[in-house]
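This report refers to the structure that appears directly beneath it.
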There are 2 protein chains.
Amino acid sequence: MAYNLFIYDDNDRLRHTLEALLTEASGFVVKTSFGNCDHAIEQIRENYPDLIIMDINMPGMGGINGVTLIKELFPEIKIVMHTVFEDDEKIFNSLCAGADGYLLKSTNPLKFVQSLHELMEGGASMSPFIAQRVLHFFRESKKVNHQFSLTKRELEVLTWLVKGHSYKMIAGECSVTIDTVKKHLQNIYHKLHVSCATEAVAKAIMHKIILLD
Amino acid sequence: MAYNLFIYDDNDRLRHTLEALLTEASGFVVKTSFGNCDHAIEQIRENYPDLIIMDINMPGMGGINGVTLIKELFPEIKIVMHTVFEDDEKIFNSLCAGADGYLLKSTNPLKFVQSLHELMEGGASMSPFIAQRVLHFFRESKKVNHQFSLTKRELEVLTWLVKGHSYKMIAGECSVTIDTVKKHLQNIYHKLHVSCATEAVAKAIMHKIILLD
DNA sequence: AGCGGTATTACCCAAATGTGTAATTGCCTG
DNA sequence: CAGGCAATTACACATTTGGGTAATACCGCT
């Protein structure tokens, strides 16, 4: 049983190449293909596909917005991005919009079909280069900042502050007087180059000075 | 020219299977294989590999700590995780530790070798299931929370608060009196189920109610 | 033994924050 | 058109926050 497939790509030649590649023998049937995805919703309602191959750079709303729209109404339809673009911004936005895969147009036909199958079986699929960018982003996101050289006590006080405790409650938690807490906070504000509790909390979270649940 | 390869895995049978698979014909040479990575640094110094296949669940320090250690000293050596584990925690920690790929032990031999080659050519490599988990994480990270039903004005006020502005400053930004700001904040606190500014800021950032730079 | 950094406490005082109550206006929807 | 919700302002009051200044104590290092 072959999977039904839509193609959105404004490059006619490439669309026809894909149609030639994705024959019944490959396990896919290209139901229809379009040069833009401005009317994707109606087209999907009319002829419900299992999988959509989506170009990014198209006239009209463009592929990324298309993904957002389609996934909102049909989250179960798989969508794989298929473009020449390798820039982080487009990758990130596509994946966040809900794309289930991201294959570069340079992918060889055999691997392309194989990737689509993996995708239909519940996995996700990315070209190695894309995967590498995604992992890079991952690593960056975990780097903890130690550049503010807070003392152990200051870190403790700041942690309670971020959790929403008042000076008085922090004093209780740390078994010190409220004046001590005030002093610590004052020092913390100086070290973080901020001037109030809310700003300190924002900076502490964004710079991962304190670790969250 | 074949790539030099290390294997760290405490399962002897599997290690030998891999050694049999990764012959010169495959483009790899298994230099040595070990049952744990506690002495990885010395072993690497002694016989510098291009690529390391790393199990996670090993006696001693375990694969994830091993990756951290190795990548700190030899960031250019590729490391691919190779385990039966599919839980988000292990995936996330491995990738953040600096792993260049994550292949499940269920991967078929042909794809396994192919993936290693993709990795050596600068790409990253993940089993489809892993890729799917990573993308899932990605999406979650961008999903803006609308579940608190803040009004447009409340969102505006909250944004300024997160940026560290005082009530008075917010009043100026929004061209309203300070009492109005106080009222808005009061309503915001109720909607977010918090009781003070710091808690609101923490919740706003963590739940991505407001978008950061 | 003495120096420097951290931790601690205290006090004063100005400013900001948070709560309660109440009233007015405008806009949208049923 | 009426009712509900959002936005706005006002005032009073208690509490919290944040800054400045100063002193004591502990701990590690030279």
Side-chain angles (χ1 to χ4, degrees), chain A residues 72-73 144-212, chain B residues 144-212:
Chain A
E72 205 169 302
L73 291 173
V144 176
N145 247 306
H146 289 140
Q147 59 193 291
F148 300 100
S149 62
L150 298 182
T151 67
K152 207 182 293 183
R153 193 57 126 177
E154 286 164 349
L155 209 57
E156 188 186 355
V157 171
L158 182 57
T159 304
W160 289 119
L161 189 76
V162 171
K163 287 186 194 293
H165 290 42
S166 69
Y167 286 21
K168 193 184 286 184
M169 294 163 79
I170 298 175
E173 300 288 355
C174 299
S175 303
V176 296
T177 65
I178 196 171
D179 291 297
T180 308
V181 175
K182 270 159 75 171
K183 187 87 242 152
H184 284 316
L185 261 311
Q186 217 165 94
N187 295 331
I188 291 169
Y189 295 162
H190 285 138
K191 289 189 181 179
L192 299 191
H193 305 297
V194 300
S195 57
C196 64
T198 51
E199 228 180 326
V201 168
K203 196 149 193 172
I205 296 178
M206 290 196 286
H207 287 66
K208 296 181 197 300
I209 299 170
I210 57 97
L211 309 169
L212 307 151
Chain B
V144 176
N145 247 305
H146 290 140
Q147 62 194 284
F148 299 101
S149 61
L150 298 183
T151 67
K152 208 182 294 183
R153 193 57 126 177
E154 285 164 351
L155 209 57
E156 188 185 354
V157 171
L158 183 56
T159 304
W160 288 120
L161 188 75
V162 171
K163 287 187 194 294
H165 290 43
S166 69
Y167 285 21
K168 194 185 286 185
M169 293 162 80
I170 298 174
E173 300 288 356
C174 299
S175 304
V176 296
T177 65
I178 194 170
D179 291 296
T180 308
V181 175
K182 272 156 75 169
K183 186 87 251 160
H184 284 315
L185 261 312
Q186 214 165 97
N187 295 330
I188 291 169
Y189 296 162
H190 285 139
K191 289 188 182 179
L192 299 190
H193 305 297
V194 300
S195 57
C196 63
T198 51
E199 226 179 328
V201 168
K203 196 149 194 172
I205 296 178
M206 290 195 286
H207 287 64
K208 298 182 196 301
I209 298 170
I210 58 96
L211 308 170
L212 307 149

Looking only at heavy atoms, what is the nearest atom pair of A/Gly164 and B/Thr198, with distance? CA-OG1, 3.7 Å
Between A/Ala202 and B/Ile205 the two heavy atoms that sit nearest each other are CA-CD1, 3.5 Å
In whole Å, I'd like the distance from the [atom1] atom of [X] to the [atom2] atom of [N].
{"X": "B/Glu199", "N": "D/dT17", "atom1": "CD", "atom2": "P", "answer": "12 Å"}
{"X": "B/Gln186", "N": "C/dT21", "atom1": "CD", "atom2": "P", "answer": "10 Å"}
{"X": "B/Lys183", "N": "D/dA7", "atom1": "NZ", "atom2": "P", "answer": "13 Å"}
{"X": "B/Leu150", "N": "D/dC5", "atom1": "CG", "atom2": "P", "answer": "16 Å"}
{"X": "B/Ile178", "N": "C/dT17", "atom1": "CD1", "atom2": "P", "answer": "7 Å"}
{"X": "B/Glu154", "N": "D/dT8", "atom1": "CD", "atom2": "C1'", "answer": "13 Å"}
{"X": "A/Leu185", "N": "D/dG20", "atom1": "CG", "atom2": "P", "answer": "15 Å"}
{"X": "B/Asp179", "N": "C/dT17", "atom1": "CG", "atom2": "P", "answer": "13 Å"}

The side chain of A/Thr151 lies closest to which of these nucleotides: C/dA7, C/dT8, C/dT19? C/dA7
Go through it in stages, so that I can follow the logic: the residues are B/Val176 and B/Arg153, the test is side-chain contact (heavy atoms from CB on, under 4.5 Å), and I'd like the CA-CA distance, side-chain angles, deciding distance and then a yes or no. CA-CA 11 Å; B/Val176 296; B/Arg153 193 57 126 177; 3.7 Å; yes
Could you check whether A/Lys168 gets within reach of a base, just the sugar-phosphate, or nothing at all, counting any heavy atom under 4.0 Å? sugar-phosphate
Regarding B/Ser166, tell me which of base, sugar-phosphate or nothing describes its non-hydrogen contacts under 4.0 Å with the strands shown. sugar-phosphate
A/Val181 vs A/Lys191, nearer the 5' end of DNA chain C by closest nucleotide: A/Lys191
When B/Lys183, B/Lys168, B/Met169 are each screened for side-chain contact (heavy atoms from CB on, under 4.5 Å) with B/Ile178, the one that passes is B/Lys168
Check whether any side-chain N or O of A/Thr177 sits under 4.0 Å from OP1 or OP2 of C/dT8, and answer yes or no. no
Go nucleotide by nucleotide along DNA chain D from the 5' end; which of B/Lys182 and B/Lys152 gets its closest nucleotide reached first? B/Lys152
Along DNA chain D (nearest heavy atom to each residue), the more 5'-positioned of A/His165 and A/His190: A/His165
Looking at A/Lys203 and A/Leu192, would you say the former's side chain and the latter's main chain have a donor-acceptor pair under 3.5 Å? yes
